[in-house]
2 protein chains.
Amino acid sequence: MLDVAYEILDAEGVDGLTVRGLAAKLGVAATAIYWHVGDKQALLDALVDRIIADVGEVEVHGTDPAERLVTIGRSLRNNLLAQPHLIALVHRQGRTPVMFLAAQRVVAEELESAGLRGAEAALGVHAFLRHVIGSVILERTEERAPEQRETVEELWSREDVPIDPELAARLAQPVDRDELFDFSLRTLVDALTGTNDSAHE
Amino acid sequence: MLDVAYEILDAEGVDGLTVRGLAAKLGVAATAIYWHVGDKQALLDALVDRIIADVGEVEVHGTDPAERLVTIGRSLRNNLLAQPHLIALVHRQGRTPVMFLAAQRVVAEELESAGLRGAEAALGVHAFLRHVIGSVILERTEERAPEQRETVEELWSREDVPIDPELAARLAQPVDRDELFDFSLRTLVDALTGTNDSAHE
DNA sequence: ACCTGAACACCGTTCAAGT
DNA sequence: ACCTGAACACCGTTCAAGT
């Protein structure tokens with residue numbers, strides 16, 4: 001039954017998953033759901049638990065800690081982007097922070113082998129995860145948003161823009177999301193681990 | 001009429017704002033709404049436009065670009081945190097990215113006076129805003145989430161934790177959100193602007 | 001031009017009643 | 001123990017009809 005709910009959610013999104021629809025697909029009266037799982041709230045909670053277990057696994061590659069952290073970030077991002085409807089539900093349920101937990105440990109290990117300790121390391125762990133997950137959630141909303149291109153272009157093509165024309169031109173265009181994610185992840189990781197090569201062009 | 005909708009939203013949250021409820025508060029039939037604004041979708045869009053205008057204003061203080069960027073980030077965060085229901089709606093409507101626009105210009109100026117140009121500056125602008133807004137959105141969900149303290153503590157108090165006990169202890173506790181925001185913002189800004197003093201303890 | 005009432009197709013949920 | 005049907009209180013939305 002949770003399987004069927006999972007299917008509907010993945011295919012039709014959060015709003016497409018209704019108690020009545022689920023019951024229909026199960027060939028059962030709507031009220032039968034209540035006997036098994038309780039509330040719709042309870043249903044969603046059970047689903048979220050399952051999703052978080054699926055999405056928590058991360059891959060780690062590379063030799064030095066900075067490189068390994070970058071691959072962790074990319075892996076997390078890929079997991080999250082792969083199932084947009086699922087993470088939308090997790091976020092709607094206010095359980096996004098729990099998605100951190102699975103990855104916290106592995107991030108902590110890497111920051112430690114980069115030499116961080118105690119309070120600084122703890123802040124680093126949270127900063128890393130918050131940046132990754134926050135970025136991905138924003139990416140997701142960007143994808144499903146009505147592209148407001150006109151507004152942006154208008155903003156940057158006015159005469160009185162006080163900045164470098166090349167910068168203005170670039171800001172008037174859509175950003176390459178992969179490139180941006182890599183850039184900001186790298187910047188943050190380098191800063192956290194103290195790696196100070198600027199050789200990532 | 002938008003004023004009343006705004007009030008309801010701010011007081012009761014996204015789910016509390018219904019066409020029928022709004023009509024009742026206006027002393028009018030529910031169907032009258034449709035003549036004036038159209039869909040509920042249209043109603044929400046109009047509300048979002050208004051919210052974005054309110055929240056877009058940022059304050060800038062400080063002398064060097066890094067310091068000024070930090071104050072911009074804090075100011076944005078305060079705006080967003082001040083009206084949780086409103087930003088929840090903006091995010092639900094998929095318009096979160098539009099909240100960037102107002103601040104983009106001022107961030108661009110600061111990065112430019114920090115010496116960044118062209119592609120690097122553009123990436124910097126996006127990285128900065130994505131970090132700030134993503135972080136705040138996650139903070140918000142954390143606040144309204146069911147505190148899963150047990151799970152976290154259990155995770156870090158197990159025997160086989162391979163990391164520094166002090167770090168483990170800190171991760172087992174809730175993080176100070178103000179401190180975390182400042183830390184990560186500062187880290188990112190310093191990295192972006194090339195400021196390399198580690199004198200922010 | 002502006003508003004109403006009735007009506008429709010949906011929700012989630014409860015509860016007595018059936019097997 | 002498991003499921004059904006009827007019923008309730010809600011939604012958003014349409015449309016003919018009123019002034």
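Heavy-atom basis, side chains included; hydrogens, waters and symmetry copies ignored.
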Once you round to the nearest 0.5 Å, how far does CD1 of B/Ile51 lie from CD1 of B/Ile87? 10.0 Å
For B/Ser184 and B/His131, test the side chains for any donor-to-acceptor distance below 3.5 angstrom and give the result as yes or no. yes
Which dot-bracket string describes DNA chain D (Watson-Crick N1-N3 plus N6-O4 or O6-N4, or G-U N1-O2 and O6-N3, all under 3.5 Å; [ ] crossing; | other strand)? ||.|||||...|||||.||
Side-chain contact test, heavy atoms from C-beta onward, threshold under 4.5 Å: evaluate it for B/Val60 versus B/Glu110 and give yes or no.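 When only atoms from C-beta onward are counted, B/Glu110 and B/Val60 do touch, with a gap below 4.5 Å.
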Is B/Leu80 close to B/Ile137 at the side-chain level, that is, under 4.5 Å between some pair of heavy atoms?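 B/Ile137 vs B/Leu80: side chains apart.
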So which pairs with a foot in residues 35-44 of chain B pass side-chain hydrogen bond (donor to acceptor under 3.5 Å, both in side chains), sequence neighbours left out? B/Gln41-B/Asp45
Looking at residues at least two apart in the chain, or sitting in another chain, which of them share a salt bridge (Lys or Arg N to Asp or Glu O under 4.0 Å) with [X]?
X        : answer
A/Asp164 : none
A/Arg77  : A/Glu139, A/Asp178
B/Glu166 : B/Arg170
B/Glu67  : B/Arg186

Does any residue of residues 28-44 of chain B have a heavy atom under 4.0 Å from DNA chain D, and if so, which ones, in number order? B/Thr31, B/Tyr34, B/Asp39, B/Lys40
Residues touching DNA chain D, which here means a heavy atom under 4.0 Å, drawn from residues 2-18 of chain A: none
Does anyone know the first and last nucleotide of DNA chain C in reach of chain A, 5' to 3', at under 4.0 angstrom to a heavy atom? C/dC11 to C/dC15
Report all side-chain donor-acceptor pairs from residues 1-21 of chain A shorter than 3.5 Å, counting only partners two or more places apart or in another chain.
| residue | atom | partner | partner atom | Å |
| --- | --- | --- | --- | --- |
| A/Asp3 | OD1 | A/Arg50 | NH1 | 2.6 |
| A/Tyr6 | OH | A/Asp54 | OD2 | 2.8 |
| A/Asp15 | OD1 | A/Arg92 | NH2 | 2.8 |
| A/Thr18 | OG1 | A/Arg20 | N | 3.3 |
| A/Thr18 | OG1 | A/Gly21 | N | 2.7 |

List the atom pairs, donor and acceptor, that lie under 3.5 Å between side-chain atoms in residues 123-130 of chain A and the rest of the protein, sequence neighbours left out.
| residue | atom | partner | partner atom | Å |
| --- | --- | --- | --- | --- |
| A/His126 | ND1 | A/Ala122 | O | 3.3 |
| A/Arg130 | NH2 | B/Glu142 | OE1 | 2.9 |
| A/Arg130 | NH2 | B/Glu142 | OE2 | 2.8 |

Using the test ring-ring contact (aromatic ring centres under 6.0 Å, His included), find all partners of A/His91 that sit at least two apart in sequence or belong to another chain.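 Checked A/His91 against ring-ring contact (aromatic ring centres under 6.0 Å, His included); matches are B/His91.
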